[in-house]
Amino acid sequence: LEKVAKELKVSKHVLSQYLNEKLQKSFSTFINELRIQKAQELLLSKENYTIESIGYDSGFNSKSTFFSAFKKVTGQTPSEYRKN
């Protein structure tokens with residue numbers, strides 16, 4: 001939050017308030033959704049990459065966090081998404 005706010009030249013409070021009020025989501029939810037979008041692109045374009053490596057390349061620190069976040073956002077596991 002601090003790094004993004006600094007890049008945007010706004011306070012952490014202003015950024016957090018904007019996300020909460022305008023987008024109806026927390027900063028961590030916002031970032032995870034961006035990471036999932038990146039993972040979706042990689043799942044389709046990097047067929048030779050393992051799903052676990054795609055999770056790490058998308059910014060997740062563990063396989064379990066990646067899988068649970070992916071399923072929460074898309075309603076599918078990364079494997080299901082890749083197959084479909």
Side-chain angles (χ1 to χ4, degrees):
L1 180 64
E2 190 171 340
K3 288 180 183 179
V4 174
K6 191 173 184 176
E7 282 289 317
L8 295 172
K9 296 182 170 86
V10 298
S11 70
K12 294 184 298 184
H13 173 74
V14 168
L15 177 57
S16 182
Q17 186 175 8
Y18 176 83
L19 291 170
N20 288 323
E21 291 178 5
K22 300 292 183 184
L23 302 181
Q24 304 292 306
K25 55 186 76 171
S26 68
F27 180 74
S28 60
T29 298
F30 177 73
I31 292 299
N32 278 344
E33 288 175 356
L34 292 176
R35 289 176 176 159
I36 296 301
Q37 287 176 4
K38 179 66 174 178
Q40 288 174 306
E41 293 171 14
L42 293 174
L43 284 165
L44 298 177
S45 65
K46 304 289 184 185
E47 293 178 17
N48 56 335
Y49 281 34
T50 65
I51 290 174
E52 188 172 357
S53 69
I54 287 174
Y56 289 120
D57 289 351
S58 301
F60 290 93
N61 294 322
S62 74
K63 181 180 174 180
S64 61
T65 303
F66 171 55
F67 274 59
S68 61
F70 195 95
K71 179 123 184 173
K72 183 178 180 181
V73 171
T74 67
Q76 298 176 308
T77 66
S79 299
E80 291 169 337
Y81 181 83
R82 183 179 257 176
K83 285 179 194 173
N84 296 329

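Reckoned from all heavy atoms, side chains included, excluding hydrogens, waters and symmetry mates.
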Test side-chain hydrogen bond (donor to acceptor under 3.5 Å, both in side chains) applied to S28 and S26, step by step: CA-CA 5 Å; S28 60; S26 68; 3.2 Å; yes
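Residues Y56 and I51 are members of separate hydrophobic clusters, defined by side-chain heavy-atom contacts under 4.5 angstrom among Ile, Leu, Val, Met, Phe, Trp and Tyr. By the rule that hydrophobic residues join a cluster once side-chain heavy atoms approach within less than 4.5 Å of another member, L44 and V73 end up as members of one cluster. Residue F67 is grouped with residue L42 when hydrophobic side chains (ILVMFWY) are merged at heavy-atom distances under 4.5 angstrom, including chains of intermediate members. Cluster membership check: I36 does not share its hydrophobic cluster with F30, using side-chain heavy-atom separations under 4.5 Å among Ile, Leu, Val, Met, Phe, Trp and Tyr.
We find the CD-CG distance between E2 and L15 to be 11.5 Å, quoted to the nearest 0.5 Å. Summarising the geometry, atom CG belonging to L43 is positioned 12.0 Å from atom CD belonging to E80; distances are rounded to the nearest 0.5 Å. The CG atom of L34 sits 11.0 Å away from atom OG1 of T29, with the distance rounded to the nearest 0.5 Å. If you take CZ on R35 and CZ on F60, they are separated by 6.0 Å, rounding to the nearest 0.5 Å. In this structure, the separation between CG on D57 and CD on E52 is 11.0 Å, given to the nearest 0.5 Å.
Between F70 and F66, the two ring planes are perpendicular [angle over 60°; tilted spans 30° to 60°].
Residue E33 forms a side-chain hydrogen bond (donor to acceptor under 3.5 Å, both in side chains) with just one option from K72, K38, K25, and that option is K25.
Counting heavy atoms from C-beta on, the side chains of V10 and Y18 never come closer than 4.5 Å. Here the side chains of R82 and I54 are in contact, with some heavy-atom distance below 4.5 Å.
For the pair S16 (side chain) and K12 (backbone), a donor-acceptor distance under 3.5 Å is absent.
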